[in-house]
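Following: one structure in structure tokens, then a few remarks.
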Amino acid sequence: MMTSRDFVYTGHPARVIFGSGTTARLPQEMQRLGAQRALILSTPQQESQARAVAELLGPAAVGLFPGAVMHTPVEVSEHAATMARRVMADVVVAIGGGSTTGLGKAIALRTDLPQIVIPTTYAGSEMTPILGETSDGQKRTQTTAKVLPEVVIYDVDHTLGLPSELSGTSGINAIAHAVEALYARETNPIITALALEAIGALARALPVIAQDPGQREARADALYGAWLCGICLGSVGMALHHKLCHTLGGTFDLSHAECHTLILPHALAYNAPAIPDVMARLTAVLGQDPARALFDLGRAVNAPASLAQLGMPADGIGRAVDLALANPYWNPRPLERDALTALITRAHQGKPPVV
């Protein structure tokens with residue numbers, strides 16, 4: 001029998017197409033939106049995929065901006081929005097990972113254009129009304145319905161060529177959204193169920209992908225899990241883990257997914273004493289020591305072992321702690337300077353988490 005509980009759940013409107021070969025449905029999805037002039041976005045590394053999308057759309061592709069970069073710098077956002085206005089785009093099509101999705105959101109914020117996202121990684125931000133932009137060395141986030149993509153096309157085929165190491169870190173980045181959703185202030189039974197399903201799917205799939213990147217079943221499981229993680233991220237607030245990653249990534253220009261992979265085990269261990277019920281649920285999908293299991297998962301997918309390896313200087317730890325304590329996110333355990341310093345130091349040195 002279900003015990004009495006109080007919660008609020010808000011479902012965000014989005015159309016999701018999931019499967020293999022689903023990119024072919026892009027022209028019909030544009031028509032469904034009443035759009036005829038698409039600006040296509042990508043990173044420089046994925047320009048060939050963007051050009052393939054342009055070829056699929058033919059004359060409806062009126063512009064290509066292959067300039068998306070990590071952490072969505074404001075100056076890049078402004079430049080891309082100017083291009084959208086110049087080519088008179090009436091829809092933005094983003095193909096890529098979190099950087100490209102972020103750029104599409106930044107354009108939508110400035111122009112109110114609808115978005116169609118074709119994810120090629122497991123970032124999950126395509127399912128959220130959240131935008132993070134970087135200026136003056138700091139990443140600032142905002143939540144607004146203006147940046148929620150109208151259509152997301154998940155095509156497993158696009159993930160088959162994703163390098164195994166990037167697959168691993170992108171997948172653990174997604175897991176981070178679900179883990180923090182379990183102990184979010186606004187958590188609810190729907191999000192709890194989705195989060196546990198997502199973590200289990202990704203935890204099973206990622207080690208398989210590390211050994212056999214072309215394994216379709218594992219790729220489908222990982223993309224499915226990432227979709228659910230994105231719903232979690234967009235439905236409830238995040239806590240210490242995300243605050244640390246935004247701080248470290250924006251301040252020291254660290255790789256977003258790799259930073260999440262390194263910090264997640266330590267952030268979960270930090271919060272563990274305050275969330276015994278969540279830790280009990282996590283044992284069902286991760287084993288008896290969930291924080292250590294996430295640390296070991298990072299090793300299984302050959303992710304970088306330390307913040308030092310990512311390029312963060314040791315003398316930056318104090319600054320990172322200061323920034324984490326400034327305007328902190330809500331967190332189930334109070335933020336303590338000494339404990340946070342120890343957390344970041346262990347991550348910097350590549351040591352396992354300590355509860």
Of all residues at least two apart in sequence or in a different chain, which pass the salt bridge (Lys or Arg N to Asp or Glu O under 4.0 Å) check with Arg299? none
Is the backbone N or O of [Y] less than 3.5 Å from a side-chain atom of [X], with the two atoms forming a donor-acceptor pair by type?
X      : Y      : value
Gln115 : Val92  : no
Glu180 : His241 : yes
Lys243 : Asn327 : yes
Glu336 : Asp338 : no
Glu186 : Val236 : no
Arg333 : Tyr270 : yes
Arg292 : Pro352 : no
Arg219 : Gly214 : no
Ser170 : Tyr122 : yes
Thr159 : Leu162 : no

[Y] side chain reached by [X] side chain, heavy atoms, under 4.5 Å:
X      : Y      : result
Leu57  : Ile40  : yes
Leu39  : Leu41  : yes
Arg346 : Pro353 : no
Pro114 : Val151 : no
Leu182 : Thr192 : yes
Ser164 : Val301 : no
Ile175 : Leu297 : yes
Leu340 : Leu240 : yes

Joint cluster assignment, [X] & [Y], ILVMFWY side-chain distance < 4.5 Å:
X      : Y      : answer
Leu254 : Ile317 : yes
Tyr9   : Val16  : yes
Leu113 : Val152 : no
Ile95  : Val147 : no
Leu262 : Ile172 : no

Give the minimum heavy-atom separation between [X] and [Y], together with the two atoms involved.
X      : Y      : result
Gly298 : Thr261 : CA-CG2, 4.2 Å
Ala81  : Ile107 : N-CG1, 4.1 Å
Leu282 : Ile199 : CD2-CD1, 3.7 Å
Gly350 : Phe295 : O-CZ, 3.7 Å
Asp155 : Gly21  : OD1-N, 2.9 Å
Met238 : His177 : CE-O, 3.7 Å

Residue [X] excluded, over 12 heavy atoms near [atom1] under 6.0 Å:
X      : atom1 : value
His79  : NE2   : no
Asp277 : CG    : yes
Glu75  : CD    : yes
Gln215 : CD    : yes
Gln211 : CD    : no
Gln288 : CD    : no

Return yes if a side-chain donor-acceptor contact under 3.5 Å exists between Thr120 and Gln46, otherwise no. yes
Go through the side-chain N and O atoms of Arg140 and Ser135 and say whether any donor and acceptor fall under 3.5 Å apart. yes
Enumerate the ring-ring contact (aromatic ring centres under 6.0 Å, His included) contacts for residues 14-51, please, sequence neighbours excluded, ordered by first and then second residue. Phe18-Tyr154
Using 0.5 Å steps for rounding, measure from the [atom1] atom of [X] to the [atom2] atom of [Y].
X      : Y      : atom1 : atom2 : result
Thr251 : His71  : OG1   : NE2   : 9.5 Å
Leu223 : Leu202 : CG    : CG    : 9.5 Å
Phe252 : Leu307 : CZ    : CG    : 9.5 Å
Leu294 : Leu264 : CG    : CG    : 5.0 Å
Arg281 : Leu286 : CZ    : CG    : 14.0 Å
Gln49  : Ile118 : CD    : CD1   : 9.5 Å

Glu29 vs Leu33, side chain to side chain contact (heavy atoms under 4.5 Å, CB included): CA-CA, chis, key distance, verdict: CA-CA 6 Å; Glu29 292 303 317; Leu33 290 173; 6.0 Å; no
Residue pair Thr82, Arg110: steps toward the side chain to side chain contact (heavy atoms under 4.5 Å, CB included) verdict: CA-CA 9 Å; Thr82 298; Arg110 291 162 171 80; over 6 Å; no
Is there a side chain to side chain contact (heavy atoms under 4.5 Å, CB included) between Ile231 and Trp227 once you walk through the steps? CA-CA 7 Å; Ile231 295 175; Trp227 165 51; 3.6 Å; yes
Hey, mind stepping through Arg216 and Asp157 against salt bridge (Lys or Arg N to Asp or Glu O under 4.0 Å) and telling me if it holds? CA-CA 8 Å; Arg216 277 187 170 271; Asp157 294 356; 3.1 Å; yes
Evaluate side chain to side chain contact (heavy atoms under 4.5 Å, CB included) for Leu233 paired with Met127, printing each intermediate quantity in order. CA-CA 8 Å; Leu233 175 64; Met127 294 304 301; over 6 Å; no
Check step by step if side chain to side chain donor-acceptor pair (under 3.5 Å) holds for Thr23 and His158. CA-CA 9 Å; Thr23 303; His158 285 305; 2.7 Å; yes
Taking the six-membered ring for Trp, are His242 and His260 ring centroids under 6.0 Å apart? yes
Could Arg51 and Glu47 be called an ion pair, given the rule that one side-chain N must be under 4.0 Å from one carboxylate O? yes
Among Thr72, Thr100, Thr128, find the residue that satisfies the side-chain hydrogen bond (donor to acceptor under 3.5 Å, both in side chains) test when tested with Lys105. Thr128
